[in-house]
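Numbering of residues begins at 1 and proceeds along the displayed sequence.
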Amino acid sequence: MSNVSASSRSFNPLKLLSKIGLDGFILALLGMILLAYLWPEGGLGEGTFSLSNLANYGVSLIFFFYGLRLSKEKLKAGLTNWRLHIVVHVSTFILFPVLVLIAKTFLENADNQMVWMGVFFLSTLPSTVSSSVVMVSIAEGNIPAAIFNASISSIMGVFITPLWMQVVNTAGEGGENHLGDIMGKLMLQVLLPVIVGIVLNKYGGAWAESKKKFLRYFDQTTILIIVYTAFCESFDQHLFSNLSWGDLLMLSGGMLALFFTGYFIITGICNLLGFNREDRITAVFCGSKKSLVHGTVMSKVLFTNSAALGILLLPLMLYHALQLIVVSVMAQRMAAQHHLSEGTTLTN
């Protein structure tokens, strides 16, 4: 009896969900979509202290604190492995957009153009910093290189993502933004705060590291507000009325197919180049992940005043959730296999 009660006390559903990558943040994202459906009026307000403007202020703070934690030493630690850097950034900014453009040629029709715009937007985004480094760490890959590549990817995305969107004539859904204006806004809202943070790293870097958990919650709260306001607009305009549950399942399947296609291509390239285990892990994880933070920020600039922002963010949110679940399982399995092979080697 005591054994049964002890085992029931040890069962933690949140821990179980976290193990498969379905953490509280993903559940909160789903909650924001539900809230937007039930109460779209809450995210439609305008003015200095509206939710939308508060989210804009929060975005700049996110990137300032990110720069504050990013020391020059962390960047220098990963500079030498240039072949790995090229594989990561070519995968992030060329492989994924090209894969989507190829699929788009065969599968796009008049009814799903807005969804495809969201899928292509997702494919052009930079890698995500925090989860890339965490997953590389769990799988025991090259952590300094992961920090370097994910950080540089974030900066490169300020220029490359809007350029891709302009090339395929999808930038500025709102209609009034040109490439120079878009890059100017992103530099002001994203790049400038990062640079200021890096400059102040020696004064506040230790403090920012000590408050890492609080800053993560701040990042997530800001993203939740952006997602809520975006979906409020879309629900208010009834833009999801043409999307069925079958469409959502197909889109989810497409996001998984995109991830695994990119993953296997990157793995093949790493094998051809003779990368060691640690570099291969860093390449596939950093090269295949896409940043929800950058996606939500850039969407507000690229698609200014667009009521369709919720639909445009939907592929990114699905990809983000699915990649976290899949990569979390893969990272833990890679680490277990590595420990098993090391144990076998030691035994022999």
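One hydrophobic cluster, built from ILVMFWY side chains closer than 4.5 Å, cannot hold both Y319 and L249; they sit in different ones. Cluster membership for W245 and F231, using ILVMFWY side-chain heavy atoms within less than 4.5 angstrom, is shared. The hydrophobic cluster containing V90 also contains W82, counting ILVMFWY residues as joined when their side-chain heavy atoms lie under 4.5 angstrom apart, directly or transitively. Transitive grouping of hydrophobic side chains (ILVMFWY, heavy atoms separated by less than 4.5 Å) keeps M250 and I102 in distinct clusters. Both Y203 and L192 are members of a single hydrophobic cluster when ILVMFWY side chains are connected at heavy-atom separations under 4.5 Å.
Contact between M298 and G157 at its shortest, heavy atoms only, is CE-O, 3.2 Å. When all heavy atoms are compared, the tightest approach of C232 to W39 is SG-O, 4.0 Å. Heavy atoms only, all atoms of each residue included: F121 and L312 are closest at CD2-O, 4.4 Å. Shortest non-hydrogen contact noted between V88 and A283 is CG2-CA, 3.8 Å. Of all non-hydrogen atoms in P315 and V115, the two that sit nearest each other are CG-O, 3.8 Å. In this structure, T161 and P126 approach most closely via the heavy-atom pair OG1-CD, 3.8 Å.
The backbone N or O of S244 sits less than 3.5 Å from a side-chain atom of D247, completing a donor-acceptor pair. Remark: the backbone N or O of V293 is paired with a side-chain donor or acceptor of T296 at under 3.5 angstrom. At least one donor-acceptor pair under 3.5 Å links the side chain of R83 to the backbone N or O of L273. K290 contributes a side-chain N or O that, together with a main-chain N or O of T92, makes up a donor-acceptor pair within less than 3.5 Å.
The shortest side-chain heavy-atom distance between F120 and L101 falls under the 4.5 Å cut-off. Counting heavy atoms from C-beta on, the side chains of L29 and L224 come closer than 4.5 Å. Counting heavy atoms from C-beta outward, V119 and M255 have side chains that approach closer than 4.5 Å. Side-chain contact check for K185 versus V190: every heavy-atom pair is 4.5 Å or farther apart. You'll find the side chain of S299 reaches within 4.5 Å of the side chain of L313, heavy atoms only. Contact check for H85 versus I152: no side-chain heavy atoms found under the 4.5 Å cut-off. A 4.5 Å side-chain heavy-atom check between F63 and H294 finds at least one atom pair inside the cut-off. In this structure, R277 and E140 have side chains that are in contact, with non-hydrogen atoms separated by less than 4.5 Å.
Distance check: L99 CG to S123 OG gives 8.5 Å after rounding to the nearest 0.5 Å. Going from atom CG of L191 over to atom CE of M156 covers 12.5 Å, rounded to the nearest 0.5 Å. Here the straight-line distance linking atom CZ of F65 with atom CZ of F214 works out to 7.0 Å at 0.5 Å rounding. The distance from the CE atom of M187 to the CD1 atom of I155 is 11.0 Å, given to the nearest 0.5 Å. Atom CG in L27 sits 11.5 Å away from atom CE in M32 (nearest 0.5 Å). Atom CG in N142 sits 7.5 Å away from atom CG in N276 (nearest 0.5 Å).
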- Would L38 and F235 satisfy side chain to side chain contact (heavy atoms under 4.5 Å, CB included), going step by step from the backbone distance to the final call? CA-CA 9 Å; L38 296 173; F235 281 125; over 6 Å; no
- Task: Tell me, with the steps shown, if V284 and F264 meet side chain to side chain contact (heavy atoms under 4.5 Å, CB included).
- Result: CA-CA 8 Å; V284 295; F264 286 120; over 6 Å; no
- Step by step, work out the side chain to side chain contact (heavy atoms under 4.5 Å, CB included) result for W116 and V100. CA-CA 9 Å; W116 272 109; V100 171; 3.9 Å; yes
- Could you give me the CA-CA distance, side-chain angles and deciding distance for S151 and I147, then say whether side chain to side chain contact (heavy atoms under 4.5 Å, CB included) is met? CA-CA 6 Å; S151 302; I147 294 171; 4.1 Å; yes
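Residues T282 and D279 bring no donor and acceptor atom of their side chains to less than 3.5 Å of each other. Of the N and O atoms on the side chains of Y57 and T222, not one donor lies less than 3.5 Å from an acceptor on the other residue.
In summary, of the residues considered (V98, I160, T124, L125), a side chain to side chain contact (heavy atoms under 4.5 Å, CB included) with F93 occurs for I160 alone. Checked options S154, S291, S91, C286; the residue passing with S127 is C286 (criterion: side chain to side chain contact (heavy atoms under 4.5 Å, CB included)). When each of V87, T261, I265 is paired with L95, the side chain to side chain contact (heavy atoms under 4.5 Å, CB included) condition holds for I265 and for no other.
A search for salt bridge (Lys or Arg N to Asp or Glu O under 4.0 Å) contacts involving K211 returns nothing, not counting sequence neighbours.
The number of heavy atoms from other shown groups lying within 6.0 Å of CH2 (W207) is above 12. In the displayed structure, R333 atom CZ is contacted under 6.0 Å by at most 12 heavy atoms of other residues, nucleotides or ligands.
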